[in-house]
Asks: 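Take a look at this one; I'll ask things after.
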2 protein chains.
Amino acid sequence: MKFSKVPEATIRRLSAYVRHLEVLEEKGEVVVSSASLAESCGVNAAQVRKDLAYFGEFGIRGVGYYIKDLSDNIKTILGLNREWHLAIIGIGNLGSSLLFYKDFFKKNYKIVAAFDVDPAGVVGRVSEKIGKPVEILHPEQLQEVARDRRIDIAIIATPASEAQKVADQIAQSSIRGILNFTPTQIQMPKGFAVKNYFFTTILDNVAYLLRWRVK
Amino acid sequence: MKFSKVPEATIRRLSAYVRHLEVLEEKGEVVVSSASLAESCGVNAAQVRKDLAYFGEFGIRGVGYYIKDLSDNIKTILGLNREWHLAIIGIGNLGSSLLFYKDFFKKNYKIVAAFDVDPAGVVGRVSEKIGKPVEILHPEQLQEVARDRRIDIAIIATPASEAQKVADQIAQSSIRGILNFTPTQIQMPKGFAVKNYFFTTILDNVAYLLRWRVK
DNA sequence: CAAGAATAGAGAAAAGTTTCACATTTACCG
DNA sequence: CGGTAAATGTGAAACTTTTCTCTATTCTTG
């Protein structure tokens, strides 16, 4: 199976579905219809069914979807049933927040390393803030540490001007996934999974909508 | 003008363009071609031209786009040439990061209020962290404060279980824009600009790509 | 046990988005 | 001053994604 024709939008919605299914499960619900799931997630019911149809048949006609079952299936599809090792590169404001606030991450994501060009300068500040000692490594060690600690995904939280440099180093390592928090488009060779997550882009989007679409 | 048929993807790309144009401007560049801008932003050249064509003609055939001019035009389109007032609702881990790390925000976004159901409990913690006193208000005051301080956009950073409650209060206020950091879909009446920004959704996306698409 | 209501699955249609291809414009060079 | 190269703007084509609609299945109720 390769699922290469599945839209990325579908993948994003699957995350939303699974999150809502967990809420329903906690409430003790057992079955959910595509219509109800769709409404809770703000999409069309046919969309929910199409999204799931890419991966198999998980429902029962006339009945709906068994919540636990569907949830497990989606988690398997997304790869949420295994642990992913993360590294944070760039321990400035943003990076140290991520390090500090581990509960940003769901339990299947684990931070296994932190890198900064100024480890000495950063260690004290961060350790104090977190209240326990933290190991900050120099990016030179990236390749070695990536292999040893089996880092799957690098989170780039450096200044924008450093992002491409970091990306080049990641390209030389065993890491294949990147979540880029900087407002730059990094250039990578084929074979890497890269997603950008820049916050003010979305804020700009809200501002635009306010400016032109609302009222 | 209403620009109601402009794809949201276009808006997101405009943010990327403007950011790259600023980099070019700093470097002292004067003119840029759609091909070059496209490459830097990881899109197709025709896409750049189409995106801009929704709003007018900003280029010169045979030449390209004057960087300063294009940048100004896009900023006007996006509404980045005015100041937007933000409020952060929910001053837990995430909320206090946003408050603390103001430089997450570009200069045209200004945090003008912070709310939490436990102002007293939060004030000390946050003030200490920020190193200066911070005013945390109770959400009951939202309507009044929203009007007085002309809050444009509310950033919801509460626990997911509280998000809808907060959304309902926003619906009653003068605020019309929401950036939702919680992993829930909030239900709003028509006439609100709402965008979700949930971090592990994107992380899930990277994990999925690693699982099925890479290598 | 039969009829009716509820609901998934799937093909087709519709809508939306991206890319192509080319006519047109501009600058530059010999 | 004319020819060539570079680059935009744009209509059409290609592609992708969403929505509709209908059929088949299951459960429930009388």
Side-chain angles (χ1 to χ4, degrees), chain A residues 2-17 20-21 24 29-71 73-74 77 185 205 208-209 213, chain B residues 2-17 20-21 24 29-71 73-74 77 185 205 208-209 213:
Chain A
K2 237 203 136 192
F3 301 147
S4 15
K5 295 177 310 278
V6 179
E8 301 247 323
T10 289
I11 305 308
R12 280 197 297 278
R13 285 188 297 264
L14 289 179
S15 294
Y17 301 159
H20 190 68
L21 289 171
L24 293 177
E29 308 271 330
V30 175
V31 177
V32 70
S33 70
S34 60
S36 147
L37 184 56
E39 202 200 337
S40 307
C41 298
V43 301
N44 178 292
Q47 182 82 82
V48 170
R49 300 198 294 272
K50 260 284 139 71
D51 285 342
L52 297 174
Y54 283 109
F55 302 97
E57 301 194 4
F58 305 109
I60 297 160
R61 294 179 181 200
V63 180
Y65 300 88
Y66 284 101
I67 289 169
K68 180 73 173 69
D69 177 56
L70 183 59
S71 173
N73 272 302
I74 298 179
I77 292 163
Q185 179 66 32
N205 201 330
Y208 171 85
L209 291 172
R213 299 272 178 88
Chain B
K2 240 204 133 194
F3 302 145
S4 17
K5 295 178 309 280
V6 179
E8 301 248 323
T10 289
I11 305 308
R12 279 196 299 278
R13 284 188 298 263
L14 289 180
S15 296
Y17 302 158
H20 190 68
L21 290 171
L24 293 177
E29 308 270 331
V30 175
V31 177
V32 69
S33 69
S34 59
S36 147
L37 184 55
E39 202 200 336
S40 307
C41 298
V43 303
N44 178 292
Q47 181 82 82
V48 170
R49 300 198 296 270
K50 261 282 142 69
D51 285 342
L52 298 174
Y54 283 110
F55 302 97
E57 302 193 3
F58 306 110
I60 298 161
R61 294 180 181 202
V63 180
Y65 300 89
Y66 285 102
I67 289 171
K68 180 72 173 68
D69 177 57
L70 183 58
S71 172
N73 272 302
I74 298 179
I77 292 163
Q185 179 66 33
N205 201 329
Y208 170 85
L209 291 173
R213 299 271 178 90

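Lettering follows sequence order; numbering is per chain, from 1.
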Asks: Nucleotides 19-21 of chain C: which of its N/O atoms have a protein N/O under 3.5 Å away?
Replies:
from, atom 1, to, atom 2, distance (Å)
C/dT19, O4, B/Lys50, NZ, 3.2
C/dC20, OP2, B/Asn44, ND2, 3.4
C/dA21, N6, B/Arg49, NH2, 3.3

Asks: Kindly give the heavy-atom pair with the smallest separation between B/Cys41 and B/Ala16, and that separation in Å.
Replies: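 What the structure gives for the nearest pair is SG-O, 4.0 Å.
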
Asks: I need the CZ-P distance between B/Phe55 and D/dT8, as an integer number of Å.
Replies: 18 Å

Asks: Could you tell me whether the side chain of A/Val48 reaches within less than 4.5 Å of the side chain of A/Val43, counting heavy atoms only?
Replies: yes

Asks: For a quick test of reading the model: is some side-chain N or O of A/Ser34 closer than 4.0 Å to OP1 or OP2 of C/dT7?
Replies: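 Negative; the distance criterion is not met.
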
Asks: I need the CG-P distance between B/Leu37 and D/dA7, as an integer number of Å.
Replies: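 Rounded to whole Å, this separation is 13 Å.
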
Asks: Rounded to whole angstroms, how far apart are CG on A/Asp51 and P on D/dT16?
Replies: 17 Å

Asks: Whole-Å distance between D/dA7 P and B/Tyr65 OH?
Replies: 12 Å

Asks: List, with names and distances, any nitrogen or oxygen atoms from the protein found under 3.5 Å away from nitrogen or oxygen atoms belonging to nucleotides 25-30 of chain C.
Replies:
from, atom 1, to, atom 2, distance (Å)
C/dT26, O4', B/Arg61, O, 2.9

Asks: Can you confirm whether more than 12 heavy atoms, excluding those of B/Glu39, are under 6.0 Å from its CD atom?
Replies: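 Count not over threshold, so no.
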
Asks: Find out whether B/Ile67 and B/Val31 are in side-chain contact, i.e. whether some heavy atom of one side chain is under 4.5 Å from a heavy atom of the other.
Replies: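 No; the side chains remain at least 4.5 Å from each other.
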
Asks: Mind listing the side-chain donor-acceptor pairs of residues 51-65 of chain A below 3.5 Å, one per line with the distance, residues two or more places apart or on another chain?
Replies:
from, atom 1, to, atom 2, distance (Å)
A/Asp51, OD1, A/Thr10, OG1, 2.8
A/Asp51, OD1, A/Arg13, NH2, 2.9
A/Asp51, OD2, A/Arg13, NE, 2.7
A/Asp51, OD2, A/Tyr17, OH, 2.7

Asks: How far apart are the closest heavy atoms of A/Gly42 and B/Gln185, and which atoms are they?
Replies: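 It is N-CG, 3.9 Å.
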
Asks: Could you check if a side-chain atom of A/Tyr208 sits within less than 4.5 angstrom of a side-chain atom of B/Leu14, using non-hydrogen atoms only?
Replies: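 The answer is no; the side chains never approach within 4.5 Å.
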
Asks: Given atom CD of A/Glu57 and atom P of C/dT7, what is their separation to the nearest angstrom?
Replies: 18 Å

Asks: Expressed in angstrom and rounded to an integer, what is the separation of B/Tyr54 atom OH from D/dG9 atom P?
Replies: 15 Å

Asks: Side chains of B/Glu8 and A/Leu209: does their closest heavy-atom pair fall under 4.5 Å?
Replies: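 Answer yes - side chains close enough.
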
Asks: Quickly work out the A/Leu52 CG to D/dT18 P distance and round it to whole Å.
Replies: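 After rounding, the gap between these two atoms is 13 Å.
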
Asks: Once rounded to the nearest 0.5 Å, what's the spacing between atom CG of B/Leu37 and atom CD of B/Gln47?
Replies: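 That separation rounds to 11.5 Å.
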
Asks: To the nearest Å, how far apart are B/Glu8 CD and C/dG16 P?
Replies: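 The answer, rounded to whole Å, is 13 Å.
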
